[in-house]
Number of protein chains: 2
Amino acid sequence: MGVNLVKPFSKTFYKTFMNRKVRIEDVAREAGVSPTAVSFAFNSPARLNSATVQRILKIADTLGYAPNPHARALLARSVGVIGILTPQTLPSIFANPFYSAFHEGVGQVCEAHNLSLLTISVSQSLSEAAANAPVDGLIIVGLNERHPEIEVLLRRKMPFVIVDGDSVVAPSVNVDDESGAFQAASYLLESGHRDILALTFELDYSATHTDKVYGVGQRRLDGFKRAFEQGGLPWDDEFLIPTPTSVTGGAESFRGIWASGKRPTALLSVADIMAIGVLEAAADAGVRVPDDLSVIGFDDIPQAKWTNPPLTTVRQPILEKGEQAAQLLLALIANELTGPANLLLPTELIVRASTQEVTHRKD
Amino acid sequence: MGVNLVKPFSKTFYKTFMNRKVRIEDVAREAGVSPTAVSFAFNSPARLNSATVQRILKIADTLGYAPNPHARALLARSVGVIGILTPQTLPSIFANPFYSAFHEGVGQVCEAHNLSLLTISVSQSLSEAAANAPVDGLIIVGLNERHPEIEVLLRRKMPFVIVDGDSVVAPSVNVDDESGAFQAASYLLESGHRDILALTFELDYSATHTDKVYGVGQRRLDGFKRAFEQGGLPWDDEFLIPTPTSVTGGAESFRGIWASGKRPTALLSVADIMAIGVLEAAADAGVRVPDDLSVIGFDDIPQAKWTNPPLTTVRQPILEKGEQAAQLLLALIANELTGPANLLLPTELIVRASTQEVTHRKD
DNA sequence: ATGAAAGCGCTAACAG
DNA sequence: CTGTTAGCGCTTTCAT
């Protein structure tokens, strides 16, 4: 039964040592059974004589056979992978603690469902990247559903959920950015600050897919403005310092501000990582936080509490955001979503040591 | 030419609105051409009359067609995805700054080659997880090539590179852990410390796939021991405090040590995140670092310099490790690797403020 | 208990 | 310039 495995010139034996993967047919031939039997041995062993199953499995193992995941996915219409798509480069995603925490949340539910997580590289077209990705569904961060590239996905029936973006058709998860920003700015105002600058996301006019400014960035700005109005401080767009979303970006903005001669008593930042850069650059420049300058961030990434001084910031539940997004996506894929699912998670001001009343200012 | 798209009962029209993805055949029918023509329109437009291409593309767009990535991958024997496999849960990977930096390095080269990055969930069998993953190759972190589950991959001709693990057949990237650990311990010894405890990785006997202790963990321990020998301090396995690889793990170990009445003058840690937990717990307990306790980490994750006080640690080039691993993997996949490729990257002691001479100790 | 045959959706020789 | 045909590797009725 079955050709002896070690027969020197067995075609299968030969293939095993060539740079070609072993297919189901090779195993079948070597085991003297049909491909069907091999498939059964792997997928429904009960349908086969258990001795046969053993033999097949053993031969498969010897040959180093494993079912081709693409062929499987093609047939099963599912791969066990969900993707995260966001208009940023892969390295900048992984360098960003916000995304680490977000991935952690998504990872929790992936782990529970034994799914893997694909972080998608978007070099050119978003929709193209999405189309080529071997995923069962997508979590799209920082883009609006109405974005032309995203509408394509809708037409393609690719299941996706929107995070940090406007959405009515697709499920979505957002946090109350406006209110968080309002709290942050109000807190500063109430502490007596009247000379405040705001580090904002950059508006990248060249990238049609960057909607940050109309999404999260805009909402945070709206919150700042509302607080200013309410606090009786006229808003001026000159308060805005577009800053790269990174530690070094924040540091550079601080240096730029100081170099220009401006001496605000407080800095509002739309992201903790920028604020951390400010802290660092301020320390280097001998500017004391919070004595000389109050700094307030946004996100409450884990390291916000480790900074020196610990960062006052607006907490958003990043991990939960990831979890909810993943949960929503799985429900969508399983067709278990009845009705709209647009979540709005709360934000909360966390006062730590990087802010203080303006009256304490040394000069 | 081609059925009117909006004809109410066109089969394709119907499908478009059902929950079924549009296939190449649907586009072909609607455009009145063969599937081949549609394929050409997407993949080699030059081979078609440009008017035809336009028409096909337009119809494809209207229908919301995109080639099925699984079918494509099956045929092309490539998906444009590389995977990272490590015997840890997805959330713990993303929560770990070491992996963030590592992913960042891998992400740099992925981005350059327009590849996506799959972080694989390993619930049960490693080899099974690897087999089911739709990837062109794997970066395996923290496991030896000789591990039985990994040997399977070798037989399956799955291209992979080993990181932080022993390897002779597969390409690999390691850092000089032993020497780094030696430097760290020697530094402490030379600073007069004689009462030192070491936070080590946990040995998980239940998980056959956790080789940490025989790999990186063992090498770091070896370095510590050599330094002790050389420093004339007899080594005792009692110095070892197995600690979960997390901030909270480190904090708990600190509390455990203090609760047990031990008062070492210095703590050696095999990972920065554990050391950060120590710093935190020490601050909470009113133990001053470095006055009461010197703490030294390993890895030099980005946040090591932000801790309070900034952490003395052994730097390993994490980002470069990821980069090199990815580069090696791509070369392997492209069959451009001639001869063995086993990289050993250097480590370096970075002295910051969490350590000082023992003579300064207050008691 | 096992196998033959059809087909998942796509691409690429090879014809015409 | 366009279509026919034959798979890629696997699963799964349906038959035996």
Side-chain angles (χ1 to χ4, degrees), chain A residues 1-2 12 15 20-57 59-60 63-80 131-134 136 156-158, chain B residues 1-2 12 15 20-57 59-60 63-80 131-134 136 156-158:
Chain A
M1 290 214 225
T12 298
K15 276 189 181 172
R20 184 188 209 296
K21 287 189 185 164
V22 177
R23 297 156 316 170
I24 198 170
E25 194 202 327
D26 302 316
V27 179
R29 193 182 314 115
E30 214 64 28
V33 296
S34 75
T36 309
V38 179
S39 178
F40 281 164
F42 277 84
N43 304 311
S44 4
R47 299 186 51 170
L48 251 41
N49 188 317
S50 81
T52 316
V53 172
Q54 290 315 312
R55 189 163 44 90
I56 294 177
L57 257 26
I59 291 182
L63 256 34
Y65 168 77
N68 179 314
H70 307 310
R72 247 178 185 214
L74 179 55
L75 221 41
R77 292 187 166 69
S78 142
V79 249
N132 290 332
D136 296 330
R156 286 186 188 163
K157 312 216 176 304
M158 167 64 86
Chain B
M1 297 207 215
T12 298
K15 277 188 179 173
R20 185 189 208 296
K21 287 190 184 163
V22 176
R23 298 156 316 170
I24 198 169
E25 193 202 329
D26 302 317
V27 179
R29 192 182 316 116
E30 215 63 29
V33 297
S34 74
T36 309
V38 179
S39 177
F40 282 162
F42 277 84
N43 305 311
S44 5
R47 299 186 51 175
L48 250 42
N49 186 319
S50 82
T52 316
V53 172
Q54 290 315 312
R55 189 163 45 89
I56 294 177
L57 256 26
I59 291 183
L63 256 33
Y65 169 77
N68 179 315
H70 306 311
R72 245 173 187 219
L74 179 55
L75 218 44
R77 293 186 164 68
S78 140
V79 248
N132 290 331
D136 296 330
R156 286 188 189 160
K157 313 220 174 302
M158 167 64 86

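A, B, ... follow the sequence lines: proteins, then strands. Residue 1 opens every chain.
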As a check of understanding: the bend across the helix from C:dA1-D:dT16 to C:dG16-D:dC1, end axes from five pairs, rounded to 10 degrees, works out to 40°
Would you compute the distance between atom CZ of A:R55 and atom CD of A:E30 and round it to the nearest 0.5 angstrom?
11.0 Å
Supply the atom-to-atom distance B:L75 CG to B:R77 CZ, rounded to the nearest 0.5 angstrom.
8.0 Å
Protein within reach of the bases, or only the backbone? For nucleotides 10-16 of chain C, mark each nucleotide 5' to 3' as B, S or -, using heavy atoms under 4.0 Å.
BBBBB--
5' to 3' on DNA chain D, which nucleotides open and close the contacts with chain B (atom under 4.0 Å from a heavy atom)?
D:dC1 to D:dG9
Check the distance between C:dA6's C1' and A:L74's CG and give it to me in whole angstrom.
14 Å
Got a second to check how far B:L48's CG is from B:N43's CG, nearest 0.5 Å?
11.0 Å
Main-chain N/O of B:N132 paired with A:R72 side-chain donor or acceptor, under 3.5 Å:
no
Looking at every heavy atom in both B:I24 and B:S39, which two are closest together, and how far apart are they?
CD1-N, 3.7 Å
With a 4.5 Å cut-off on side-chain heavy atoms, are A:S44 and A:F42 touching?
no
Could you report the tightest heavy-atom contact between A:R156 and A:A131, atom names first, then the distance?
NH1-CB, 3.0 Å
Begin with the C-alpha distance, continue with both residues' side-chain angles, and end with the deciding distance and a verdict on side-chain contact (heavy atoms from CB on, under 4.5 Å) for B:K21 and B:N68.
CA-CA 9 Å; B:K21 287 190 184 163; B:N68 179 315; over 6 Å; no
Where B:V79 and A:P134 come nearest, the two heavy atoms and their spacing
CG1-CG, 4.1 Å
What are the two closest non-hydrogen atoms of A:A28 and A:S34, and how far apart are they?
CB-C, 3.6 Å
Mapping B:S34 and A:H70 to their closest nucleotides on DNA chain D, which lands nearer the 5' end?
B:S34
